[in-house]
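Report on one structure; see the data block that follows.
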Amino acid sequence: QTDSRPVLRIAVQQVTNTGSLIPLRERSNVGSRSFPMIYAGLIEIDRQGNLSLKPGLATSWKRIDERTVELKLRKGVKFHNGDEMTAEDVAFTFGPEYMFAATEPRRAGQKAVTIKTDASAAGAQTAGKALALPPEVPAIARRLWPSLEQVKVIDKHTVRFVNAVPDVTMEGRIARSGSEIISRRAFLAAKDWASWSRSPVAAGPFKVKELRPDNLLVLVAHDAYYGGKPPVREVRYQVVPEVSGRVNGLLSGEYDFVADVPPDQIKTIEANPKFEVVGGPALNHRLIAFDKHHPQLADPRIRLALAHAIDRDAIVSTLWAARTSVPAGLQWEYYGPMFHKDWSVPRYDPQLAARLVREAGYKGEPIPYRVLNNYYTNQVQTAQILVEMWRAVGLNIQLQMKENWQQIFDQGAPRGIRDWSNSSPFNDPVSSIVDQHGANGQQQQMGEWSNSEFNTLATLLENATDMSNRSRVFRRMLEIAERQDPAYTVLHRSAQFYGKRKDIDWKWSPTFAMDFSADNLRMPGK
Amino acid sequence: MNTPHNGADALVSIRNLRVAFDDGKAKVPVLHGIDLDIDPGEALGIVGESGCGKSVTWLAVLGLLGARAQVSGTVYLRAEPLHTLRGDQLAPIRGKRIAMIFQDPSCALNPVQRIGRQLTEALTLHRALRGAPARAEALRLLDRVHIPDARQRLDAYPHELSGGMNQRVMIAMALAGEPELLVADEPTTALDTTIQAQILALLAEIRQDSAMALVLISHDLGVIADMCDRVLVMYAGRVVEQARSQRLFQHPQHPYTQGLLGALPDLHRAPERLVPIAGNVPEPAHMPRGCSFGPRCRQFQPGCELHAPVQRQIGVQHHVACHRAGA
Amino acid sequence: MSALLDIRELSRHYPVRNSPWPWGKSVSLRAVDGVSLRLPAGKTLGLVGESGCGKSTTARMVLGLLPASGGQVLFEGQPVPSVRGPRWRALRQRMQMVYQNPLDALDRRLRVQDQVAEPLTIFRQGSMAERNERARAMMASVGLTPHLMTRYPHELSGGQRQRVVLARALILGPSLLVCDEPVSALDMSIQAQVINLLQDIQERRQVAYLFISHDLKVVRQVSHEVAVMYLGRIVEQGAAEDLFRRPAHPYTQALVSAVPSPWRSAGLPRIVLQGDPPRPGALSAGCAFHSRCAQAMPSCRVVRPELQPIAPGRTAACHLLARA
Amino acid sequence: MSSYIVARLLRALVTVFLVLSFAFVILRLSGDPALLIMSPDVPPEAIEAFRRSWGLDASLWQQYLGFFRNLLQGQFGYSMRDRSPAMALVMQHLPATLAITLPAFALKLALGIPAGMFAALHRNSAIDRCVMGLAVAGHTIPGFVLGLVLVLVFAVGLGWLPSGGNAGWQHAILPVLTLSLGGAAVLARFTRSAMLEVMGQAYIRTALAKGLLWRAVVLRHALPNAAIATVTIVGFMVGSLVAGAVVVESVFSWPGVGRLLVTAVANRDLAVVQSLLLLVAATMVTANLIVDALYGWIDPRLRRSSAAKA
Amino acid sequence: MKVIPFSAQAQAQAQARTPGSAPSSRPERLRRLLRSYPPLVLLCGLWTLAILGVALLAGELAPYAHSQIDLQARLSPPIFMGGSASHWLGTDELGRDVLSRLLASIRISLLVAFISTILSATLGVFLGFLAAHFRGWVEQLILILVDFQASMPFMIIALAVLAFLGNTLPLFIALMGLYGWERATRITRGLTIAANEQGYAAAVADIGASPMRVYLVHVLPNIASTLIVSVTLTFPEVILLESGLSFLGLGVQPPMTSLGNMVGYGREYLQTAPWLLLIPSAVIVLTSFSVSTLGDWLRDRLDPTLR
Ligand SMILES: Nc1ncnc2c1ncn2[C@@H]1O[C@H](COP(=O)(O)OP(=O)(O)OP(=O)(O)O)[C@@H](O)[C@H]1O
Ligand SMILES: Nc1ncnc2c1ncn2[C@@H]1O[C@H](COP(=O)(O)OP(=O)(O)OP(=O)(O)O)[C@@H](O)[C@H]1O
Ligand SMILES: [Mg+2]
Ligand SMILES: [Mg+2]
């Protein structure tokens, strides 16, 4: 009996940057697009809805204490290889063989310093029958779960996540990407890590049929998926690196979907009534990061002037066709109680900016602005607009095109300004402002910025459990990082656009995931 | 043998052949109306100063002058008009009925093809021979022109042969089509006298065997005298004198012919100072008025510069284009 | 009297490959093989012989343009270097060459006047104007009219080109001029002009000529001495008049007998040689001419004859003559 | 014979060695693969671990020696990106590239050489100007513009051909066309120039005088003599068979070696770049060796000259 | 058979004709002028001059500053596609005036293309001469360099410069001077070896001319024809390569602009705003076409035997 469900053809810019399908190694937005179709997590996010947490492989969860969460596992969940998921698999997923190798959780009283992994130790730990993990995997895993002590099997369908320190974000962390459950048996049976990473066995709605890095990813329906039989037989992610290639492929009927559509292409696609573009702001903010060690930027007034000189609305309404928005600083609505509605990015005020510049005694000294070639959508265009806006308030910003991130971070020459974007992988400020700007975050690790009060607050935010206290701490952190001693300034929300056939019923998600499970996709006809 | 100028049953009959080259700035006339006839089996010698148009005449007949040459006049090959034919229409004539040996044999052979291949190509073309028979025939031709070790030479490249041998290969190639007329343009200049003698003997032999007509162009009056029944003297794009060879060398009538013969050194007399013709060859672009030899002529007299002299018969088969000759 | 030019046992070998592949084995071709000649100042030595017998090669070695494989060339008692150093360059002003094929030796993209003046430019003689003046004068003296001076080589007739090459060779006032077939492309009249010119210059400036030609009549006309070459070796040498009147070596005899003339006395038989010279690379022992020689004896096949005096001022290399 | 071959081989080896060494030093010093392969948002300790596990923390010298030691043992290393064997990765991509570069190469020859000949034979005529005008345009229009225009016309507009990807021969048509037009233009211009030099030679006249038709003269006598310049250029084209289709591969999302190279260089994924360069250099060196040998084959005079100079 | 009376007619013709070449009539002279300077060549010359003029006067001619942004007026079409007269050639995705950018681009691209083409040709010819002159190990060494350059993706060479020397415009031009020399070297070497076998070069060397003189004064003009083809091929390649390299952070970078850059950023707008891609492309094609046509014409002029 032949499967009459259609095949879904999607043109994407890339399927995986690192050639692997392992969320613990592939940390890009690119991966977040397809991984949720392969993997299922214990707790899921309501991707197309309000981003709240909802049951996944776990049907329910409850707090045992500040350090412990207990989850009831869904019964009868089948992995891609047909095995039934049990608590053993969950414990294994969060064990040393798959995630942590020899790394130790950060325990109470330990300061947030860079966590070193030892490659040889990681290897030694997993030696024997298990596969040797690439050493970067445990390092990343520890970032996701800095203090996870262990996952305890209570019974076949009950597990407990035990943290070393109090943590209110545990549920969020369980829901984030990287915490998906894999099949223990399949992992242990894999030839080596590299082959595992090309065909992982998990419990998502689709299973991997074929991965040709830089070319093609084919997923086939996992009909035993707990969320229902997917409405398509197969999903083919075709790598089409050129924007025009994707758009033309859609228009000529070769693809049902195209991802990574820049806003200026929306018109081209929608000129054809059979197609439409959907999408909008995603869980990611574009921002500008400052290096406060630059002689001119050392004065916070200059950094603030930079922030006030930007007409964000102009950028959003033109380059982004008004299809994204300017957020309220480095925070997202789905933080819920932690979200500060009344907070905002520095307003567009050229006079104020010019005054700050004058007061700081700035004399037109050049400040470098390092830019990659459209690593972010519209990056070069935005940068040129910014430079003009800054020029208008008397700031001499010099655009420097760079080829790679190392050149962006290079300390050999004076650094000034650079582009960045921050995501929020789970519903708490820890996932962004702490993880990215705190003592262990990239900005401080790269030596661009630090602030002792901010760092103290960051630790507090991580460990405190009282929500109103945490909210206050967060507010103060925003004040420091965005106004008082600016570390960055937020430009706008990043946006994702998808071109698609109008007759396919499908909703996009701000999480970058393209959800083709039965809940979210209805193919026309039949 | 018929007299020149009636052309009635001539093999080749050329009338009023004019050639001008366009050098991008101006049209430079090079031939000013050549008339000549060749009878079947006849050997005609052509002499004249270098650059007077000896080679161009025959290149024009075969349509080999290229796009910048403007050719007018009529040419008949056994009453067939050739001057009306263009480009590839002449191909069946070339090599098959009128063959030509070029002045410089080492440049005239394709440097990147073996001798054998160049020969068989002509055989395939004219005699429809292919493969082994063609090769056998090529071998026979090489033997015929007395190339030693012919079997091996078939596989040689032109640069591997001496000038003399290349010359003979050219002759063999010209003979491949068994032409009615062979035009040999200075076939022996680069050769020493012993090889020259071999080649001349060969040409004579072939003429005897096949009644082929021969046009021999040479600066060496000795060679001409040896080989030819009749001699044609050219000067500055015109025929100035023609006669049977003995008569011409004994009784040259045109002052230019006289000058040529007078300038000849002699092997068997004590060397005296040579007597060249005074003055210089006129440039094609600036021809003197009237008789083009006028400015250099010892017998110049008023009237010579008024119009170009026409050929007149002054004896048996002896024609001269000079206002004074025969007067 | 000491000779201006003294050539001693000069030889030149070329490696030639027998197989078409670049890695084939090569054999040695003796293009010139032990040639000795003397040329006094102001005199002309004619060099005749079969095409490909090594005349041009000898000429180039004499001028130091080609390194010799053996032997020596003395110019005014000093060896001529073949390494292109300062001494070699200095010698260029004393010895020059007229090339066999003038079209080949001229750059088709330069006006002839500039090419005639080029030796002056190279040796930095005089100012630009002076050089042009001298070039003009030199060209006039070889009979080239002024309107020809700004032309390109292909716009000249063969004879004019030959004279351009001659003017270029003469402009530095050399005392030795090697002429390789300087008149072969010219008609009788122009040929006479050029020969006269060469003789005039010789009288005026005491230039010595090494004169190479196939045209024995011309050689006879200009030479004081004549050497006959066959396959890289001198086979006969003597005063021009004497040698052409009574050629001794069978090859010379064939050569002389074959000279065509419009006024040939019917009596003299022409010797038409049979066959071709042997391939230079595959020379056997013995006389190189034996394969074509009507009078060859068994010993000719085995023993190579040496050059020996046969009469006052005459030498020849032939077993027939040695016995006589 | 042996010395000839040894000399050529030595030259080839030195070339390849230089290519690999240069690439090694440049790739190592111009960017940190750890930072490039892992996203910049990955924590520093992960980057650190990555570096250590690939030996990137050793001195350049040690890495260099190690690289060549492995190479001599026939080990090309592993891609730092997805840990697959580098050479196997390259070999995986090679068929796709060859599937367009080889037909394109043939098409270049088939279009370019006749076009150049044709223009030369009609020198300065309107036809010559047209052909050469097209050639210049063909060569000057950027590959991606040409590719895009072809896609717009044939895929989006007419719907005759697919716009990209490689799933069957129809997919190869547009890439092959795009790739060959520019190269054909280059060949046409060189061929025209070489033909013009040859058409004036005396032996062309001889061939005509033999009675050959014009076309036969051109094909049998002029073309082989004009081949030297053309063969030189074709030699370079052979060298670009492997990695010369970068632009076309990305315009048509063709998963070939060219794109692999660009990604690998961008990631400083050394083993992959080196495996690729080894292949490219070997092709290029071989192509040029063949071209050198062809010179002698085309023009026997060059055999003698090389002998005389030896 | 038709027999033309030999004498009378020929005589009449000979007399009718004034001696020497007939002075050409006016249309005749025009025809000749057009032959030596065909209209196409004249047009190409004019275009090249115009482009050079634009390059010199870019600053004066441009109606706007090339980096002046007007976000409200972004992507407005050029006047011939129904746009307004305030931006003749329309605006780009940041609302910058395409005409002004084009002028600035022409200036910078021509600077880069001309200088680096000359550099690459000079280097290539020089090495080619060296190889042909010395043969032996020098030649082998140069051939190794040629193969090296040909096998090394230019991206890596560019990275080398970027990594060790940084990115300034002069440096970038020097880097582009490394592009395409290997082709010139191989061609020069081949042709020079052939030329050295010919008489004219040997003849001048034998007179005592220095190798320098032989190669520059005599050999170079004689091998120029093929070299000109090679050089005129390099010219547009350099312009386009520049756009590729600017993505590496080398070369001309925003806010500065170049033809390659305009084409590179314009490619995504082929359907929505085709002028962004097509206008600079047209300038590149026309300029390269002109340069090539002039090159071919010069080649024929340089060859006196063809005139
Ligand atoms: N292709 C050409 N273009 C221009 N002029 C030419 C061309 N071919 C020949 N000429 C000119 O035509 C004239 C006659 O040339 P031709 O070759 O017939 O002379 P020739 O009598 O054969 O002389 P030679 O004895 O030197 O061979 C010469 O002045 C020559 O310069
Ligand atoms: N570079 C070379 N390599 C190999 N053989 C050569 C080379 N140069 C000349 N030869 C050979 O040397 C011999 C002598 O040549 P040379 O040019 O001296 O002859 P020539 O007497 O001047 O002949 P011609 O009268 O034809 O000019 C010939 O067999 C020739 O093939
Ligand atoms: Mg002639
Ligand atoms: Mg010679």
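Just so it is clear: chains get the letters A, B, ... in the order the sequence lines come, proteins before strands, and each one is counted from 1.
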> Measuring heavy-atom distances to chain A, does R51(D) have an atom under 4.5 Å in its side chain, in its backbone, in both, or in neither?
Replying inline: neither
>> If you compare all heavy atoms of T16(A) against all heavy atoms of R81(D), which two are closest, and at what distance to 0.1 Å?
In response: O-NH2, 3.3 Å
> Given that the side chain runs from C-beta out, which part of V156(D) has a heavy atom under 4.5 Å from chain A: side chain, backbone, both or neither?
Replying inline: both
>> Under 4.5 Å from any heavy atom of chain A, what part of L36(D) do you find: side chain, backbone, both or neither?
In response: side chain
>> Apply side chain to side chain contact (heavy atoms under 4.5 Å, CB included) to residues N404(A) and R268(D) and explain how you reach the verdict.
In response: CA-CA 10 Å; N404(A) 62 50; R268(D) 306 297 190 271; 3.1 Å; yes
> Between G245(A), G249(A), P134(A), which residue shows the highest count of heavy-atom pairs closer than 4.5 Å to chain D?
Replying inline: P134(A)
>> The test is side chain to side chain contact (heavy atoms under 4.5 Å, CB included); show your working for S84(D) and R198(A) and say whether it passes.
In response: CA-CA 10 Å; S84(D) 53; R198(A) 277 187 284 272; 3.9 Å; yes
> With only heavy atoms counted, which part of E403(A) is less than 4.5 Å from chain D, the side chain, the backbone, both or neither?
Replying inline: side chain
> What's the shortest heavy-atom distance between Q406(A) and G31(D), and which atoms?
Replying inline: OE1-CA, 2.7 Å
>> With rounding to the nearest 0.5 angstrom, report the OG to CG distance, S252(A) to L152(D).
In response: 10.0 Å
> Would you find more than 12 non-hydrogen atoms of other residues, nucleotides or ligands less than 6.0 Å from Y78(D) atom OH?
Replying inline: no
> Got a second to check how far E136(A)'s CD is from W54(D)'s CH2, nearest 0.5 Å?
Replying inline: 8.5 Å
> Checking S195(A) against chain D: side chain, backbone, both or neither under 4.5 Å from a heavy atom?
Replying inline: neither
> Between S30(D) and chain A, which part of the residue has a heavy atom less than 4.5 Å away: side chain, backbone, both or neither?
Replying inline: backbone
> What heavy-atom pair brings P241(A) and S250(D) nearest, and what distance separates the two atoms?
Replying inline: CG-O, 3.7 Å
> Rounded to the nearest 0.5 Å, what separation is found between the OG1 atom of T263(D) and the CD atom of Q14(A)?
Replying inline: 7.5 Å
>> Just verifying a value: how many Å separate N215(A) CG and L260(D) CG, rounded to the nearest 0.5 Å?
In response: 11.5 Å
> Which heavy atom in I140(A) sits nearest to a heavy atom in A46(D), and how many Å separate them?
Replying inline: CG1-CB, 3.7 Å
> Counting distance only, does the side-chain N/O of R83(D) pair as donor-acceptor with the main-chain N or O of W193(A) below 3.5 Å?
Replying inline: no
>> Would you compute the distance between atom CZ of F252(D) and atom CG of N248(A) and round it to the nearest 0.5 angstrom?
In response: 10.0 Å
>> At a heavy-atom distance under 4.5 Å, which candidate from Q442(A), Q436(A), R25(A), Q407(A) has the highest pair count against chain D?
In response: R25(A)
>> Testing the basics here: between F409(A) and L35(D), what is the closest heavy-atom pair and its distance to 0.1 Å?
In response: CD1-CD2, 3.9 Å
> How far apart are the closest heavy atoms of R259(D) and V239(A), and which atoms are they?
Replying inline: NH2-CG1, 3.4 Å
